**Q** 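The structure's right below; bear with me while I get my questions together.
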There are 2 protein chains.
Amino acid sequence: MLARRFLSSASSPLAPTIRQLLLSPPPPPAACVAVNGWVKSIRRQKKVAFAVISDGSSDAGLQAVFTDINLAKNLTNGASVRLQGTLADSPGAGQEKELKVSEVEVLGECDPERYPMQKQALTVEYLRDHCHLRARTREIGAMLRLRDSTTRAIHGYFEDNGFIHVHTPIITSNDCEGAGETFRIAPSSSDASTSDAKPSEYFNHPAYLTVSSQLHLEAVASAISRVYTLSPCFRAERSQTSRHLAEFWMLEAEWAFTSSLTELCDVVEHAIRHVLRTHAASPDMDALWKQHPPATSEAKRAELQSYADAPQPWTRLTYTDAVDVLAAHHAQTPGGAFVFPPAWGSSLQSEHERWLADTYVRGPVFVTDYPAVLKPFYMRLNDSDGGGKERQTVACFDLLVPGMGELVGGSLREERTGLLEAALERHGLDKADYAWYLDLRRYGGAPHGGFGLGFERLISWMSGIESVRECIAMPRWAGRMLL
Amino acid sequence: MLARRFLSSASSPLAPTIRQLLLSPPPPPAACVAVNGWVKSIRRQKKVAFAVISDGSSDAGLQAVFTDINLAKNLTNGASVRLQGTLADSPGAGQEKELKVSEVEVLGECDPERYPMQKQALTVEYLRDHCHLRARTREIGAMLRLRDSTTRAIHGYFEDNGFIHVHTPIITSNDCEGAGETFRIAPSSSDASTSDAKPSEYFNHPAYLTVSSQLHLEAVASAISRVYTLSPCFRAERSQTSRHLAEFWMLEAEWAFTSSLTELCDVVEHAIRHVLRTHAASPDMDALWKQHPPATSEAKRAELQSYADAPQPWTRLTYTDAVDVLAAHHAQTPGGAFVFPPAWGSSLQSEHERWLADTYVRGPVFVTDYPAVLKPFYMRLNDSDGGGKERQTVACFDLLVPGMGELVGGSLREERTGLLEAALERHGLDKADYAWYLDLRRYGGAPHGGFGLGFERLISWMSGIESVRECIAMPRWAGRMLL
């Protein structure tokens with residue numbers, strides 16, 4: 001990995017970043033290096049000054065030492081600078097190398113009186129109001145690098161397992177079963193010209209922003225048997241929770257030739273373990289967990305790694321068994337353990353999901369085989385378990401993780417045309433709208449399944465960042481969209 | 001690369017794909033392997049039958065041999081099957097290995113009478129009408145794998161060069177300078193309820209689909225100095241050309257601490273050379289070029305590789321020089337060479353761009369330093385070249401490539417607050433709307449630049465696919481959006 005990086009850096013048109021510089025074989029002792037970056041902090045003593053310079057390539061930045069303190073006199077927090085000097089071993093704690101500065105050029109000044117990103121702690125709300133500048137904070141910078149490295153780990157996992165990445169459509173005619181939480185689109189000229197016109201249909205029929213790439217992936221997976229996408233999805237929901245965004249990214253995978261819910265769960269578990277393992281020594285995760293009290297943060301990081309390294313598969317539990325343990329716990333607790341009494345046939349509430357992962361399992365848990373009535377039309381009906389029609393279940397799962405609740409959902413998809421048509425009818429959907437979806441089964445259909453994972457939730461879970469609004473560069477939610 | 005694949009496949013929950021199987025070390029001679037896929041073709045002889053089975057993991061598929069022809073009797077084109085047998089060296093031309101089949105299971109039948117994807121050549125228009133099934137054709141399958149491998153090559157290049165991938169917003173308040181070719185969005189419930197209401201503003205102000213991630217990337221690049229995105233972009237244009245889509249993907253990169261147009265062009269050139277080199281032996285590119293007559297296709301592929309391997313940098317030419325050579329050629333040609341006479345101060349037309357790349361340079365060419373009046377407000381004004389205000393140019397480039405025309409556009413961005421404010425005014429834009437954009441300069445601004453590359457155009461150029469509508473899984477253009 002590193003070898004490759006150095007090789008191609010050699011022919012790169014770009015000068016090394018601070019991260020590349022610190023990872024490179026050391027330059028000859030007297031060799032002059034140039035470093036570009038922003039001043040993160042500055043400390044002036046009588047005969048020497050120190051500054052931390054960051055170009056965003058790593059959490060650490062580079063310590064710059066000014067033995068001629070005049071060189072540092074124009075430096076302020078936030079200013080962009082170009083420094084020249086020599087790299088030397090650092091006697092100080094906290095860094096291996098430092099830059100002994102011989103030349104300074106201020107490229108862009110930053111008035112410390114007016115700079116909106118002051119050194120003192122800024123509130124989450126203040127930073128949301130300044131989202132064009134908030135990548136300059138340590139937390140958001142680390143989160144952005146964590147998104148990048150997590151994305152690369154995901155791409156690596158799916159490539160290694162024979163999956164093809166597909167760019168699925170964002171604009172779609174599918175309105176998510178008419179649930180009404182979609183965004184509808186129109187060319188801006190049409191509603192600008194007249195105030196009372198319906199949006200003219202640029203595509204000749206209504207167009208929405210996608211809420212999931214699943215159905216599109218299923219179409220491609222009927223030809224390229226393993227596909228996935230990391231794609232933006234949109235929900236116009238009004239709920240203001242720490243786990244919901246109007247625009248979010250979802251990892252969705254779909255593959256043919258599987259009839260096994262166990263295999264689906266295995267792939268999800270392997271993929272997440274892979275991501276966690278590649279981040280076992282992530283300085284960006286360190287930086288983010290350091291926002292919490294040390295006792296909590298160390299325990300939490302160790303806990304995450306223990307999920308990655310657990311010798312046994314993560315716990316799997318049917319919905320029916322989950323309701324049993326929830327109901328027993330509820331009954332045993334004086335006054336009841338939950339606001340919503342657990343009952344077969346009702347959705348699991350957040351409080352139920354959290355208790356299962358946080359307390360009962362104390363780790364990730366796949367809850368499988370939910371009642372058909374609770375789930376979308378496309379999930380594959382299980383063979384009767386003797387409970388009769390009222391107890392019909394589908395071959396699906398939700399992955400619940402401690403501190404978060406639902407992180408992934410998936411299922412086998414109904415590939416039997418007759419059963420799928422019956423399910424469409426049961427859900428009050430128009431068969432004509434799904435003719436293409438039925439075609440996928442009619443012509444060489446194969447048993448298949450897949451899942452969706454909320455990318456911002458994964459970042460939140462891995463980093464301890466409380467709200468998904470801080471898990472994306474420029475968050476959008478009800479009432480809120482800057483830039 | 002392969003070593004890594006085998007290593008992790010060993011612990012993969014999934015059985016190997018056909019591609020993985022053929023790349024793996026051969027199994028012991030008598031070992032039984034199972035293969036899942038779709039029947040691509042079937043050839044029955046008296047005592048033996050042959051079928052090509054594809055699971056979409058590679059262009060080639062796998063030849064299956066049935067010495068018991070009864071086993072093949074239920075196979076039809078398009079059916080999904082599970083075959084078991086032993087892998088053996090193939091005596092036939094065209095493949096190294098074949099599967100001697102001992103067991104057949106038809107997973108999903110495909111009625112040859114009704115199957116919309118018949119073996120005979122289907123028109124491009126027919127396939128567009130069946131876009132849920134068209135990934136089953138050899139061309140679209142190869143194109144989807146080419147998108148995947150090109151995406152990975154791009155991610156590899158930018159990772160190696162210290163860039164962080166950022167998911168930039170899709171929904172934005174930026175309406176692209178009011179050009180009117182944006183899509184506007186509203187929650188679907190608002191315009192469904194009343195036909196004469198303006199779309200209620202879910203975000204409290206108008207929201208559009210992004211036409212470019214550049215401004216957002218600039219914000220992040222003022223903290224993380226090298227960023228890029230491969231992101232969907234949207235234009236509600238009515239033009240019906242082979243190079244335009246309403247929804248397309250754009251590679252955009254932005255980096256700080258550059259004042260050099262040469263460096264911008266160098267990065268673009270290196271990135272594209274890298275992509276071409278990683279595809280020098282791509283079977284998917286082979287399959288796609290094979291759609292053309294052999295003479296053309298071999299010459300074209302060789303030509304593409306020659307651009308990747310050219311010892312000299314690609315030609316760079318200022319706009320002013322380009323207009324001079326265009327005008328000279330126009331004047332020298334009896335009756336004129338072009339429909340639009342070339343003139344300084346006018347945009348280069350497609351015919352001009354094509355002639356420059358196809359005929360004059362016979363290769364990729366960067367045309368740089370266009371007149372300021374032709375370009376957006378954010379491009380960096382060049383120092384006066386003595387031509388006075390009328391001849392003011394900006395530090396920008398378009399990369400023109402043979403057979404295509406414009407593939408990439410980029411520029412240095414105006415980082416000088418005063419000049420940027422003047423440019424906003426000149427373009428009739430409201431300074432208040434760009435207060436955040438000015439902030440990026442006000443507080444530690446750094447010289448910076450970037451570019452945007454149309455991903456479908458790149459795929460079209462690399463593969464010889466004529467229209468970008470065949471360069472994406474499910475294309476959207478004016479009047480057209482299926483699924």
Side-chain angles (χ1 to χ4, degrees), chain A residues 5 8 12-13 17 20 36 38 55-57 78-80 107-108 110 115 132 135-136 148 160-162 164-167 169-171 180 182-189 195-196 198 202-204 219-220 223-225 232 236 247 249 257 263 266-267 436 443-446 473-474 476 479 481, chain B residues 5 8 12-14 17 20 36 38 55-57 78-80 107-108 110 115 132 135-136 148 160-162 164-167 169-171 180 182-185 187-189 195-196 198 202-204 219-220 223-225 232 236 247 249 257 263 266-267 436 443-446 473-474 476 479 481:
Chain A
R5 187 184 311 280
S8 46
S12 173
T17 61
Q20 289 172 330
N36 298 309
W38 291 273
D55 63 0
S57 60
S80 74
L107 301 171
C110 188
Y115 190 35
H132 59 300
R136 302 176 181 205
D148 172 72
D160 286 348
N161 283 279
I164 299 292
H165 186 275
V166 178
H167 292 115
I170 311 302
I171 301 176
T182 51
F183 290 108
R184 186 161 170 188
I185 69 162
S188 58
S189 49
S195 66
D196 59 347
K198 285 205 74 160
Y202 173 88
F203 295 112
N204 298 337
V220 184
I224 294 178
S225 53
E247 173 178 308
W249 287 72
F257 307 115
E263 183 180 292
D266 285 348
V267 170
W436 68 270
Y443 304 112
M474 293 161 192
R476 279 91 178 79
M481 188 253 304
Chain B
R5 188 184 310 279
S8 46
S12 172
L14 296 165
T17 60
Q20 288 172 332
N36 297 310
W38 291 272
D55 63 0
S57 59
S80 74
L107 302 171
C110 188
Y115 190 35
H132 59 300
R136 302 175 180 205
D148 172 72
D160 286 348
N161 284 279
I164 298 292
H165 186 274
V166 178
H167 292 115
I170 311 301
I171 301 175
T182 51
F183 289 108
R184 187 163 169 186
I185 69 162
S188 58
S189 49
S195 67
D196 59 349
K198 284 205 73 160
Y202 174 87
F203 296 113
N204 299 336
V220 184
I224 293 178
S225 54
E247 173 179 308
W249 288 72
F257 307 115
E263 183 181 291
D266 285 347
V267 170
W436 68 270
Y443 304 112
M474 293 162 192
R476 279 91 177 79
M481 187 254 304

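Note that the structure is a prediction, hence the values are computed from the model and not measured. Just so it is clear, the values below take in all heavy atoms, side chains as well, and ignore hydrogens, waters and symmetry mates. Convention: sequence-line order gives letters A, B, ...; per-chain numbering from 1.
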**Q** Using the ring of each side chain (for Trp, its six-membered ring), is Trp436(A) parallel, tilted or perpendicular to His132(B), with breaks at 30° and 60°?
**A**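 Because their plane-to-plane angle is over 60°, the rings of Trp436(A) and His132(B) count as perpendicular.
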**Q** What verdict does the side-chain contact (heavy atoms from CB on, under 4.5 Å) test give for Tyr202(B) and Met481(A), after you've listed the backbone C-alpha separation in whole Å, the side-chain angles of each residue and the deciding distance to 0.1 Å?
**A** CA-CA 9 Å; Tyr202(B) 174 87; Met481(A) 188 253 304; over 6 Å; no
**Q** Measuring heavy-atom distances to chain A, does Pro169(B) have an atom under 4.5 Å in its side chain, in its backbone, in both, or in neither?
**A**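 Its backbone and side chain both get close to chain A.
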**Q** Got a donor-acceptor contact below 3.5 angstrom from the Ser12(A) side chain to the Asn161(B) backbone?
**A**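 Pair absent, no side-chain N/O of Ser12(A) close to backbone of Asn161(B).
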**Q** I'd like to know which of Ile171(B), Val166(B), Asp55(B), Val220(B) tops the heavy-atom pair count under 4.5 Å against chain A.
**A**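 Sorted descending by pairs with chain A, the first entry is Ile171(B).
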**Q** Quick check for you: among Ala473(A), Ala219(A), Ala135(A), Gly479(A), which has the greatest number of heavy-atom pairs under 4.5 Å with chain B?
**A**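 If we count pairs closer than 4.5 Å to chain B, Gly479(A) comes out on top.
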**Q** Is the distance between the ring centroids of Phe183(A) and Phe183(B) less than 6.0 Å?
**A**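 No: the rings miss the under 6.0 Å criterion.
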**Q** Can you tell which of Thr17(B), Leu107(B), Asn36(B), Asp266(B) has the highest number of heavy-atom pairs within less than 4.5 Å of chain A?
**A**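 That would be Asn36(B).
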**Q** Report which part of Ala446(B) has an atom under 4.5 Å of a heavy atom belonging to chain A: side chain, backbone, both, or neither.
**A**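 Ala446(B) touches chain A through backbone and side-chain heavy atoms alike.
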**Q** With under 30° as parallel and over 60° as perpendicular, where do the rings of Trp38(A) and Phe257(B) fit, or are they tilted in between?
**A**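 Judged by the thresholds at 30° and 60°, the geometry between Trp38(A) and Phe257(B) is tilted.
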**Q** Met474(B), Glu247(B), His165(B): which one forms the most heavy-atom pairs within less than 4.5 Å of chain A?
**A**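 The candidate making the most pairs under 4.5 Å is Glu247(B).
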**Q** Using non-hydrogen atoms and a 4.5 Å limit, figure out which bit of Ser57(B) sits close to chain A: side chain, backbone, both or neither.
**A**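 Neither part.
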